[in-house]
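Would you mind keeping the following structure in view while I ask a few things?
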Protein chains: 2
Amino acid sequence: MRKGQYTMQDIANELGISKSTVSRALKNHPDISQDTKDAVHKLAKEKDYQPNSLALSLRHNKSFVLGIIVPEIVHDFFANVISGVQKVAYNEGYNVMICISNESTEQEIVDTKAMFSSRVDGLLISRTKESNDLSHLKSIVNKGVPLVMFDRVSEELDVSKVITDDFQGAYMATEHLIKQGCKNIIHLSGPDNLAIGRDRKSGYIAALKDYKIAVDESKIIPCPKGDLEEGKTTMFDIIDSNTEFDAVFANNDVTAIGAMNAAKEKGLSIPNDVSVIGFGDWRLSQLLDPPLSSIEQSGVDIGITAAKLLLEQIRAEEKDEDFTPRTEVVESHLIQRGSSLQKK
Amino acid sequence: MRKGQYTMQDIANELGISKSTVSRALKNHPDISQDTKDAVHKLAKEKDYQPNSLALSLRHNKSFVLGIIVPEIVHDFFANVISGVQKVAYNEGYNVMICISNESTEQEIVDTKAMFSSRVDGLLISRTKESNDLSHLKSIVNKGVPLVMFDRVSEELDVSKVITDDFQGAYMATEHLIKQGCKNIIHLSGPDNLAIGRDRKSGYIAALKDYKIAVDESKIIPCPKGDLEEGKTTMFDIIDSNTEFDAVFANNDVTAIGAMNAAKEKGLSIPNDVSVIGFGDWRLSQLLDPPLSSIEQSGVDIGITAAKLLLEQIRAEEKDEDFTPRTEVVESHLIQRGSSLQKK
DNA sequence: GAATTCCGCGCAACCGATTGAAGAAAAAAC
DNA sequence: GTTTTTTCTTCAATCGGTTGCGCGGAATTC
């Protein structure tokens, strides 16, 4: 590439015409004679001419690239979102540039700047758990880049958002446990600086209230990291502290699995001694023993919805139309499996 | 972005100087007076000036973007590879553009062209299982784009490659089963058009031969798709056909899990009636019941190695140095777990 | 035969940066 | 006071395309 880039100018030279004529010929502009068009198309095919989209992007101030920043990629949910986004992007002629913030705000800032520098036409982001700093996002919005947040969103920013119905999902999970006969439901809650953490907690609390079960703050235990290890150690602590409980509703599946593993190691039977339900329905959850109940949030759907929303805004702004950001809620579903069923 | 892009020209206008001076001032060129530099830097920071990398790329014929094409993304292995690539790319100031071929050759061709059009500085690819068509890859190599293939490689192409030691891994897996007392080991093999499929099969055969066990071609059953469903139905077929067997070595973990599920449904106990081992060590495998033995191939390491190899080539060619493609082999490791241990 | 229309194509500016070379102004040397 | 040197800045070309405008010649019209 460095040296041997075949350009329109090269075609023009070979045919003894100007590059403007080549440009028009390639796009079948009516001004150009059929003979010239044929010659240009023939040579272009022969030399396998590929236009330089950098030049196009620069000229048109439009890159046909959507940026997406996710906290992790080795993660079913985010991987699914990405594949949903890709699907929509492909169909609309866009490419996707992905950055992984690794749950680091610092990295997220670098990524955001890089995305802006390469002039993505729009940006999709799910924030890190780490922080509340929004200045980099405000800045990119101010520069006029359409932004859509998904899953981990922030109320402070007036942009489009795509979320799972976390409250409803958590409510369903809790209600399900109650209906299975559980009375003492522990909630391993997520990070408080993210709406998804707060909403799930609220759903849990609402369900308890609706079923006239007292809400015991000491049964809401924060697991902000949300990894296997944290789920496990937290569960050990709970068991060792002799807290009374017969069920666990975890903020995500991995935490739930950690808790399940800990309970099993302590000789508790699932679901007889303790029912467990997670959130997110990871692909692996159905393969566990017992298979883990969960709230399904379709990453693919979220990705598709977010990408469509973003494209809608991009197009509106290209036509100088007004666009009012909106929030779309993707439904979540209760998936009942062995880890929470048939409580005696 | 469409309208309000703040450029060097804007800085120049505001300060009443030329844009060349601005350019030099921003990179602390010694020709520029300290006063001018200060003024430019101050204004640039004030307006949050971000250079347009499209313009830079066009000028320098260098985009600082690495392309990567993977067949799937909702897949621990590929997700890990991507995160390994990202890690290296970040440190070296490159961005990563990802395409997902969805196991379709057609899509792979489109992706390759798109990557070339956006003038990636180099391309990483793991091919689809589907086909043997290499023309699009040959074409991009001819155009001078450094290419590194990983995992699913092709011998026909003289480019750098990064692979797992598939033969050795399969040998270890088979040997392990033999040492656990298995005599009738079925191999659910991968696609024959990919080296990884053939090498794993060869490793299996070699181990059998070394341990003086007759190789029975009817015990090598192709599972080219390599998904859960295929593993399951294939296993049902095997059981129903009354083939004699006491172990299964599958080409990948998902196939192994499918086989395990089928065996369990048919009332077989694992590992007592049938030992199972997979390949790839997916994150979920250790969470199964029983946990699945597997051959670990570190996606992250493969990604890191591949990205480094690619950057090495990119840099060599930038300096007009010769670069001879080479193949690097990332070691694989036997992970012994419950699905294959303690055979009586 | 002169005026008009139309067709096919080229010129040159533009997108936002970089960069070699030339130029202008100030400082130093004679 | 003139020449030389130094210091700082601008000019203009370049990367690879796109696009408004204009130009020359042939065809058409009167």
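The chains referred to below are lettered A, B, ... by the order of the sequence lines, with proteins before strands, and numbering in each begins at 1.
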Under 4.0 angstrom, heavy atoms only, what part of the nucleic acid is B:Thr36 near: base, sugar-phosphate, or nothing?
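Touches sugar-phosphate only.
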
Any side-chain donor paired with an acceptor under 3.5 Å for B:Ser101 and B:Ser104?
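No, no side-chain donor-acceptor pair sits under 3.5 Å.
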
What integer distance in Å separates B:Lys37:NZ from D:dT9:C1'?
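So the NZ-C1' distance, B:Lys37 to D:dT9, works out to 13 Å.
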
Looking just at side-chain N and O atoms, do A:Ser18 and A:Thr21 make a donor-acceptor pair shorter than 3.5 Å?
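A donor-acceptor contact under 3.5 Å links the two side chains.
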
For each nucleotide in nucleotides 15-22 of chain C, reading 5' to 3', give B when a protein heavy atom comes within less than 4.0 Å of its base, S when such contact involves only the sugar-phosphate, and - otherwise.
BBBBBBB-

Using 30° and 60° as the class boundaries, would you call the ring planes of B:Tyr6 and B:Tyr49 parallel, tilted or perpendicular?
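Taking B:Tyr49 first and then B:Tyr6, their aromatic rings stand perpendicular (interplane angle over 60°).
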
How many Å lie between CG on A:Asp35 and C1' on C:dC9, as a whole number?
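Atom CG in A:Asp35 sits about 14 Å away from atom C1' in C:dC9.
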
Side chains of B:Asp111 and A:Tyr90: is there a donor and an acceptor less than 3.5 Å apart?
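There is such a pair between these side chains.
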
Just the rounded figure in Å: distance from C1' of C:dG10 to CG of A:Asn13.
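Between C1' of C:dG10 and CG of A:Asn13: 14 Å.
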
On a heavy-atom basis, which atom in B:Asp301 and which in B:Thr305 lie closest, and how many Å separate them?
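Minimum heavy-atom contact is O-OG1, 2.6 Å.
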
Indicate whether any N or O donor in one side chain lies under 3.5 Å from an N or O acceptor in the other, for A:Thr36 and A:Ser33.
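Indeed, the side chains of A:Thr36 and A:Ser33 share at least one donor-acceptor pair under 3.5 Å.
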
Whole angstroms only, please: what is the CD1-P distance between A:Ile32 and D:dT18?
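About 13 Å, once rounded to whole Å.
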
Set out, line by line, the N/O atom pairs under 3.5 Å between protein and nucleotides 23-27 of chain D.
none

Can you find a side chain N or O atom of A:Ser33 that sits less than 4.0 Å from OP1 or OP2 on C:dC7?
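No, A:Ser33 has no side-chain N/O under 4.0 Å of OP1/OP2 on C:dC7.
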
Under a plain distance cut-off of 3.5 Å, with no hydrogens placed, do B:Gln5 and B:Asn52 share a side-chain donor-acceptor pair?
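B:Gln5 and B:Asn52 do have a side-chain donor-acceptor pair below 3.5 Å.
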
Without decimals, in angstroms, what is the distance between B:His29 NE2 and D:dT10 P?
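About 14 Å, once rounded to whole Å.
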
Which pairs with one or both residues in residues 80-92 of chain A pass salt bridge (Lys or Arg N to Asp or Glu O under 4.0 Å), sequence neighbours excluded?
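Every pair satisfying salt bridge (Lys or Arg N to Asp or Glu O under 4.0 Å) with a residue in residues 80-92 of chain A: A:Glu92-A:Arg315.
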
Could you check how far CZ of B:Phe116 sits from C1' of D:dG16, rounded to whole Å?
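Atom-to-atom, B:Phe116 to D:dG16, this comes out as 12 Å.
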
Using the rule side chain to side chain contact (heavy atoms under 4.5 Å, CB included), only one of B:Val70, B:Val153, B:Leu137 pairs with B:Arg127; which is it?
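With B:Arg127 as partner, B:Val70, B:Val153, B:Leu137 yield a single side chain to side chain contact (heavy atoms under 4.5 Å, CB included), made by B:Leu137.
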
